[in-house]
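Below is one structure, written out as structure tokens; the observations come after it.
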Amino acid sequence: KQTKQSKGNNTALFVNTWPESGNNWMITVINQILNKGKVESSDDCGGYIWNEIQNTVNNVSKKPKNSVTIYKSHLMFKHMPYSSASKYIYVCRNPIDCIESYFKTNKALDPEYISLSTMQQLILAENFVYGNWSEHVHHFWSIRHQPNVLFLFFEDLQENFRGELN
């Protein structure tokens, strides 16, 4: 699959993670960088396209102040559109922390949500909607040396954020 590039010098930037691995955090940082720190509110950190949900755009009414279109995704690489002209950032997080965070997020939305042990079984199953953690990470790990791919670890970002982004 090829990405559709907009006319002009627009760059497609895909920020991909397994769920609860820092996708929103990375998109916020990218928006801060692209806008030279002039993001006045959390609403200004939108402007990304949720790749899995076609035609759904967060803050679509706001025109980007730059020439980068950010696509948010949790899809495995084999299901993503690919172009050598596009950029890809993948953030990998410890799977135990992902599962705990995923559980807490869903439990906060629905107190009757399933148990943590049941969630662990569902998430680690081969048929989990985003694929199992190890397969998801492996696909991006295998392309990490390509010049248009940046593979980061969530824990390294927490420890030395500026150093990891340089």
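Counting begins at 1 with the first residue of the sequence.
Residues Ser21 and Phe154 approach most closely at O-CD1, 3.2 Å, considering heavy atoms. Contact between Leu75 and Met80 at its shortest, heavy atoms only, is O-SD, 3.9 Å. Of all heavy-atom pairs spanning Val137 and Phe151, the tightest one is CG1-CZ, 4.0 Å.
Judged as a side-chain contact (heavy atoms from CB on, under 4.5 Å), and not counting sequence neighbours, the contacts of Val149 are Tyr88, Ile143, Gln146. Listed by chain and number, the residues in a side-chain contact (heavy atoms from CB on, under 4.5 Å) with Thr118 are Ile114, Ser115, Leu122 (sequence neighbours excluded).
Using a distance-only test at 3.5 Å, with no hydrogens or angles considered, no donor-acceptor pair links the side chain of His136 to the main chain of Gly131. The backbone N or O of Val91 sits nowhere less than 3.5 Å from a side-chain atom of Trp18 that would complete a donor-acceptor pair. A donor-acceptor pair is defined here as one N or O able to donate and one able to accept, closer than 3.5 Å; such a pair exists between the side chain of Asn23 and the backbone of Ser73.
Rounding to the nearest 0.5 Å places CG of Asp156 at 11.0 Å from CG of Leu165. How far OG1 of Thr105 is from CG of Asp110: 13.0 Å, rounded to the nearest 0.5 Å. Distance check, rounded to the nearest 0.5 Å: NE2 of His138 to SG of Cys92 gives 13.0 Å.
Cluster membership for Val68 and Ile30, using ILVMFWY side-chain heavy atoms within less than 4.5 angstrom, is shared. Cluster annotation: Leu109 is not connected to Leu116 through the hydrophobic network of ILVMFWY side chains, with a link wherever side-chain heavy atoms come within less than 4.5 Å.
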Begin from the C-alpha positions of Phe161 and Leu157 and carry the test side chain to side chain contact (heavy atoms under 4.5 Å, CB included) through to its verdict.
CA-CA 4 Å; Phe161 191 80; Leu157 289 167; 3.9 Å; yes

For the pair Met26 and Ile89, evaluate side chain to side chain contact (heavy atoms under 4.5 Å, CB included) and give the outcome as yes or no after the intermediate values.
CA-CA 9 Å; Met26 186 54 60; Ile89 296 175; 4.1 Å; yes

Let me see the working for Tyr90 and Val15 under side chain to side chain contact (heavy atoms under 4.5 Å, CB included), right down to the final yes or no.
CA-CA 6 Å; Tyr90 187 83; Val15 179; over 6 Å; no

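Identified under the salt bridge (Lys or Arg N to Asp or Glu O under 4.0 Å) test for residues 128-151, with sequence neighbours left out: Lys78-Glu135. Residue pairs that meet the salt bridge (Lys or Arg N to Asp or Glu O under 4.0 Å) test with at least one member in residues 22-33, sequence neighbours left out, do not exist here. The salt bridge (Lys or Arg N to Asp or Glu O under 4.0 Å) analysis of residues 112-124, with sequence neighbours excluded, yields no pairs.
Between Leu152 and Leu150 there is a side-chain heavy-atom pair separated by less than 4.5 Å. Between Thr17 and Arg93, the closest side-chain pair of non-hydrogen atoms is not below 4.5 Å.
Aromatic ring centres of Trp141 and Phe77 lie farther apart than the 6.0 Å criterion allows.
Side-chain contact annotation: Asn16 with Lys72, donor-acceptor N/O pair under 3.5 Å absent.
Using cut-offs of 30° and 60° for the angle between ring planes, the Phe14 and Tyr71 rings count as parallel.
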Pairs under 3.5 angstrom only: tabulate donor-acceptor contacts from the side chains of residues 94-104 to other protein residues two or more places apart or in another chain.
{"residue": "Asn94", "atom": "OD1", "partner": "Ile96", "partner atom": "N", "Å": "2.7"}
{"residue": "Ser101", "atom": "OG", "partner": "Glu20", "partner atom": "OE1", "Å": "2.6"}

